[in-house]
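Worksheet for the structure shown next.
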Amino acid sequence: MATTACAHPNIALIKYWGKSARPGNYPAAPSLSITLDALLTTTEVRNCEEADRIFFDDVEVPDAKVLACLADLRDVYAIPYLEVHTSNNFPTAAGLASSASGFAALIAAINAHCDLGLDPHAQSDRARRASGSAARSVFGGFVALDGPNWVARQVLDAEAWPLKTVIAVTTSEKKSVASSEGMQLSEATSPYYSAWVTSTATDFKSALAMVEARDFDALAALAEFSCLKMHGLMLSTNPGLLYWNPATIACLHAIRELRQQGIPVFFTVDAGPQVKAVCLPEAENDVQSTLQSIAGVERVLTTGLGQGARIVVP
Ligand code: PMV
């Protein structure tokens, strides 16, 4: 008997970069994200005999983070050895938040397979322990992750404000420094780290109000500010974390130019070189054709807002 779940990646409009000292992988500051419909992770779990076995696209990979997630669950729940099969319909570990959808789908699958009885908030807590951003992929639409409990919650559902996201893939190679490692390095070495943590809490509160008011222009300015501030923090880490390539920067300029022409779009970039352009539905075609024409953009993916993690009924 196998159980299959799926989940979508999310992208943060108010970014998460930095952990609190408390065990349990708690973020140092709140974040706000949108869940993306067209990108999908599908994960199947089934019991197996002697040890956990992890497969990505049918290739066995003893992924340390997945094995640690299973061990962490076993500290609390009686879970048999599991065989886990995961696949993504998009590039893995290249700044498209595959760990977010991956762990949200894994927890949803194990929860159903082993009858753990976890509600979505409890699933979000378990997902966060494996990857901070995964806590948010448990929910669809606009999602907040903040204290005191640091489990995610939905702020608006996917239909309530149906934004589009055009993703410019500038390389399909894996990223050089994993986010957890990068966050620790930023905290240890950047002179800007504490200002980042304090100011992100303020940005988060403002962004919540903007989402509730559907104020696109205000959210555009604040989301770009949060993104560039996070990359400023990354650049001020020692050694500097430089995730961008020339095509990334060309996309940022092009998106700013579109906005100056009155097209409702803004950018955000995570720990990788891909650019996500978030826009109102009427701007989708202009944004797509602009990003497609930029040298170094390998391909463009367009998506609406998606649902949270869920079981796939065979
Ligand atoms: O959840 P992690 O450890 O993969 O970190 C995610 C960090 C960013 O994607 C850069 C920002 C975010 O809030 O998603």
Side-chain angles (χ1 to χ4, degrees), residues 7-20 24-36 39 41 63-66 68-69 72 88 90-107 124-139 142-147 150-152 155 165 167 174-187 190 193 196-197 199-201 203-204 207-208 222-235 237 241-244 248 267-276 278 309:
H8 302 288
N10 68 79
I11 51 167
L13 307 183
I14 300 300
K15 299 293 188 191
Y16 150 58
W17 194 258
K19 299 170 191 292
S20 104
N25 199 34
Y26 289 88
S31 56
L32 178 76
S33 62
I34 51 177
T35 302
L36 305 179
L39 280 61
T41 297
D63 186 281
K65 281 189 81 180
V66 176
C69 174
D72 187 44
N88 293 328
F90 59 94
T92 299
L96 287 180
S98 56
S99 70
S101 50
F103 285 109
L106 179 66
I107 298 292
S124 177
D125 178 71
R126 300 312 309 187
R128 187 208 62 244
R129 289 165 194 270
S131 159
S133 57
R136 301 185 308 236
S137 273
V138 173
F139 296 94
F142 290 77
V143 181
L145 176 60
D146 62 345
W150 300 100
V151 295
V155 176
T165 300
I167 302 170
K174 295 206 173 208
K175 66 186 167 201
S176 46
V177 180
S179 47
S180 283
E181 197 187 322
M183 288 179 198
Q184 278 154 15
L185 208 55
S186 293
E187 184 181 359
S190 171
Y193 183 77
W196 158 257
V197 171
S199 67
T200 295
D203 295 346
F204 171 77
L208 272 185
L222 184 57
E224 287 191 358
F225 179 51
S226 178
C227 165
L228 293 177
K229 208 170 10 167
M230 179 182 76
H231 284 274
L233 173 70
M234 290 163 160
L235 292 171
T237 296
L241 301 168
L242 177 54
Y243 288 107
W244 297 353
T248 311
F267 61 70
T268 190
V269 187
D270 292 298
Q274 329 300 7
V275 176
K276 292 97 176 189
V278 181

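Throughout, residue positions are numbered sequentially from 1 according to the sequence presented. We count ligands from 1, going down the list as the structure has it; atoms in each ligand are counted the same way.
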**Q.** Any Ser31 heavy atom less than 4.0 Å from ligand 1
**A.**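 Distance cut 4.0 Å: Ser31 fails for ligand 1.
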
In ligand 1, which numbered atoms sit nearer than 4.0 Å to a non-hydrogen atom of [X]?
X	result
Trp17	10 (C)
Ala271	10 (C)
Ser131	1 (O), 2 (P), 4 (O)
Ala12	12 (C), 13 (O), 14 (O)
Gly132	1 (O)

Exercise: do [X] and [Y] side chains pair donor with acceptor under 3.5 Å:
X	Y	value
Thr41	Asn88	yes
Ser99	Lys65	no
Lys229	Thr200	no

Checklist line | N or O pair under 3.5 Å between Ser179 and ligand 1 | finding: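 By distance alone, the answer is yes.
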
key: Contact check: Ser180 vs ligand 1, nitrogen or oxygen atoms, below 3.5 angstrom   =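 No.
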
- Message: Do the side chains of Lys276 and Asp270 get close enough for a salt bridge, i.e. N-O under 4.0 angstrom?
- Response: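 Yes, Lys276 and Asp270 are salt-bridged.
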
Self-check item: Closest candidate by heavy atom, reference atom 14 (O) of ligand 1, pool Arg136, Met183, Lys19
Solution: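 Closest candidate by heavy-atom distance is Arg136.
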
Item to complete: Please work out which of Ser133, Ser99, Cys227, Ala29 has its closest non-hydrogen atom nearest to atom 1 (O) of ligand 1.
Response: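 It is Ser133 whose heavy atom sits nearest to atom 1 (O) of ligand 1.
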
In chain order, what residues pass the side chain to side chain contact (heavy atoms under 4.5 Å, CB included) check against Thr237, with sequence neighbours excluded?
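In terms of side chain to side chain contact (heavy atoms under 4.5 Å, CB included), with neighbours along the sequence ignored, Thr237 is linked to Leu185, Ser186, Thr189, Ser190, Leu241.
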
Going by the rule side chain to side chain contact (heavy atoms under 4.5 Å, CB included), which residues pair with Ala144 if we only count those two or more places apart in sequence or in a different chain?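 Leu32, Arg153, Val155, Phe204, Leu208.
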
Check: Leu228 and Phe267 side chains under 4.5 Å, non-hydrogen atoms
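SC-SC contact between Phe267 and Leu228 confirmed.
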
